[in-house]
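Presented below is the structure to which this report refers.
Computed over heavy atoms, backbone and side chain alike; hydrogens, waters and symmetry mates excluded. The structure presented is a predicted model; accordingly, all values stated were derived computationally and were not measured.
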Amino acid sequence: MTIAAEITRLAAVESLCPTTALLAETAMPTLARDRVFDSRRPSVDLLDPDKEYTPVLSLFTRRSQSPRRGPGQGSVARNGSTILEVVAELAVAAKDEDGAEFVDAMAGSDPKARIVLSALCAQVRYVLTQGPTGVIFRKSVMAIESIDEEGFAVPELGLRWQRTTMLFDCQIPDDDFSGGAGLPQPAASIAALLPANSYAKATLENMAAQFAATTPLPVIDTIAFEVKQAGVSGQVGTDAAVEPPFPNIED
């Protein structure tokens with residue numbers, strides 16, 4: 001995965017669960033409230049035991065690409081793209097064959113629950129495309145090409161779950177490492193905009209530690225190379241610049 005794709009997901013996490021609202025205990029932008037999970041599923045202990053189901057969101061980076069900008073471009077000139085996967089579900093505690101609890105989506109066709117799930121998906125779309133808390137996400141992407149929603153069901157067996165997978169196909173900048181040590185762009189710029197005590201900020205600081213400063217390569221001050229003219233091999237440049245010098249040997 002490109003770092004720009006990871007930044008896109010972390011910016012979405014911050015947008016759907018704003019640190020300022022979390023610390024101030026004010027209204028959250030979706031029905032999931034603070035139950036927004038980065039690259040993992042929720043655990044049973046985080047569900048609301050007093051409710052029939054708990055709206056939750058889980059975010060994943062499904063794919064990232066870095067193709068050349070065109071056939072006439074070099075290897076460095078690239079566009080980026082990523083698919084952000086947002087799993088919205090009405091979670092419940094279920095038990096496996098051994099009696100161990102795990103989190104699953106509410107099963108069965110419940111029209112009222114379906115309305116709640118649809119509202120949760122609509123809130124996610126609004127936050128990431130227009131909402132005020134989604135500004136940081138929109139700064140990390142150049143455009144959202146499409147938004148696809150997939151249900152979770154096995155119609156042949158009459159099985160349906162209250163879970164929807166939302167796929168945001170995003171155009172993003174490619175990683176730019178020309179700035180030296182630390183995070184590449186646009187990751188460094190997005191990290192600077194995140195709240196100091198946010199989950200996304202802390203994650204990026206850990207990532208930045210993996211990009212330690214390196215000793216710069218020496219600057220080339222003299223170039224000498226072998227040539228062949230009129231059947232005679234030789235060199236261009238001073239003899240002192242080449243060890244050993246190329247001998248003038250006739251072919």
_Gln185 side chain to Phe177 backbone, donor-acceptor under 3.5 Å_ = no
*asked:* Using a 3.5 Å distance criterion without hydrogens, assess whether the side chain of Asp98 forms a donor-acceptor pair with backbone atoms of Ala100.
replied: no
*Indicate yes or no: at least one non-hydrogen side-chain atom of Asp148 is less than 4.5 angstrom from one of Met166.*
no
*Does some side-chain heavy atom of Leu167 sit less than 4.5 Å from a side-chain heavy atom of Leu84?*
no
*Report the residue from Leu120, Val56, Thr164 that forms a side-chain contact (heavy atoms from CB on, under 4.5 Å) with Glu89.*
Val56
*Full working for side chain to side chain donor-acceptor pair (under 3.5 Å) between Ser39 and Arg9*: CA-CA 9 Å; Ser39 303; Arg9 189 190 70 255; 3.1 Å; yes
_Side chains of Thr82 and Arg63 in contact at under 4.5 Å (non-hydrogen atoms)_ = no
*Heavy-atom side-chain proximity of Thr2 to Ile172 below 4.5 angstrom*: yes
*Given the rule in the side-chain contact (heavy atoms from CB on, under 4.5 Å) test, do Gln123 and Leu31 qualify, once you have shown the distances and angles that lead to the verdict?*
CA-CA 8 Å; Gln123 289 172 337; Leu31 294 171; 3.4 Å; yes
*Whether Ser140 side chain and Ile7 backbone form a donor-acceptor pair below 3.5 Å*: no
*May I ask you to say whether Arg125 pairs ionically with Glu149, meaning some side-chain N is under 4.0 Å from a carboxylate O?*
yes
*Within a strict 4.5 Å, meaning less than it, do heavy atoms of the Thr61 and Glu85 side chains meet?*
no
*asked:* Tell me if a side-chain donor or acceptor on Glu101 pairs with a main-chain N or O of Val44 at a distance below 3.5 Å.
replied: no
*Check Ile147, Val86, Thr129 against Val124 for a side-chain contact (heavy atoms from CB on, under 4.5 Å) and give me the one that passes.*
Val86
